[in-house]
Amino acid sequence: MRDEDDTPPNMNKWKGLMRGSILSTTTQKIYSYINLADQKAMGLIVLNSIIIPVAMNAHEDPQFTLPSTIAIITSVASILMAIACIFPKRRSGTKPGGELNYLHFSDIGSLSEKQYLEQFLPIYNDTSALSECVIKDIHDVSRRVLVPKFKQLKLSYKIFFIGNLAAVITFFIQSWS
């Protein structure tokens with residue numbers, strides 16, 4: 001087994017490229033998930049926006065009053081949760097320990113250009129520190145953006161499914177009565 005010091009210089013370059021490639025791929029995957037959640041939320045908004053006028057037209061028929069009311073309330077609630085999912089996620093200030101995320105726009109924007117350069121350049125010029133910074137950013141974005149988005153999206157789908165199922169069941173119960 002070889003020590004790090006025994007590793008040929010070209011091999012260290014390949015390890016660095018591989019590490020960079022993995023971090024880049026992971027970051028792209030996270031942002032793809034964010035985009036996917038936003039697209040699904042937009043789909044729910046469009047679908048519910050179609051259901052609302054149809055249910056409002058049906059609302060005037062006494063047989064459809066209760067089912068259409070349920071469908072309208074469900075659609076509005078689902079739209080609100082989908083909007084919450086799409087709404088940009090930001091956090092204010094630093095992390096709980098006071099540490100800055102030098103790759104997150106909120107933290108970058110809170111510093112002057114001079115402060116940012118003074119604090120970030122040493123990290124940027126140290127590959128180990130830069131890798132750690134990227135990994136922390138991946139964690140930060142996953143925890144503060146991706147997880148809440150998918151929770152809100154899941155809730156929007158549950159509201160949509162359960163509410164519309166209740167509207168359909170109510171319609172059939174009233175039709176058979």
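Counting begins at 1 with the first residue of the sequence. In this text the structure is predicted, and so the values were computed from the model without any measurement.
In this structure, the side chains of L44 and F160 come closer than 4.5 Å at one or more pairs of heavy atoms. In this structure, L117 and K114 have side chains that are not in contact, with every pair of non-hydrogen atoms separated by 4.5 Å or more. Between T65 and D61, the closest side-chain pair of non-hydrogen atoms is not below 4.5 Å. The shortest distance between side-chain heavy atoms of Y116 and L121 does not fall below 4.5 Å. Contact annotation: the side chain of D38 never approaches that of L153 to less than 4.5 Å [non-hydrogen atoms, C-beta and beyond].
Using bins of under 30°, 30° to 60° and over 60° for the plane-to-plane angle, the ring pair F171/F64 lands in the parallel bin.
Under the 4.5 Å side-chain contact rule for hydrophobic residues, L165 and I173 share a cluster. If you chain together hydrophobic residues whose side chains sit under 4.5 Å apart, I72 and M81 never meet in one group. Cluster membership check: V134 shares its hydrophobic cluster with I123, using side-chain heavy-atom separations under 4.5 Å among Ile, Leu, Val, Met, Phe, Trp and Tyr. Residues L80 and Y157 fall into different hydrophobic clusters, defined by Ile, Leu, Val, Met, Phe, Trp and Tyr side chains chained together at heavy-atom separations under 4.5 Å.
In this model, a donor atom of one side chain and an acceptor atom of the other lie less than 3.5 Å apart for N101 and D137. Side-chain N/O atoms of N164 and T74 include no donor and acceptor closer than 3.5 Å.
Crowding of K40 atom NZ: a count of heavy atoms from other residues, nucleotides or ligands under 6.0 Å not exceeding 12. Residue-environment remark: OH (Y33) stays at or below the threshold of 12 foreign heavy atoms within 6.0 Å.
Every pair passing side-chain hydrogen bond (donor to acceptor under 3.5 Å, both in side chains) that includes a residue from residues 121-134 is listed here, sequence neighbours excluded: E132-K136.
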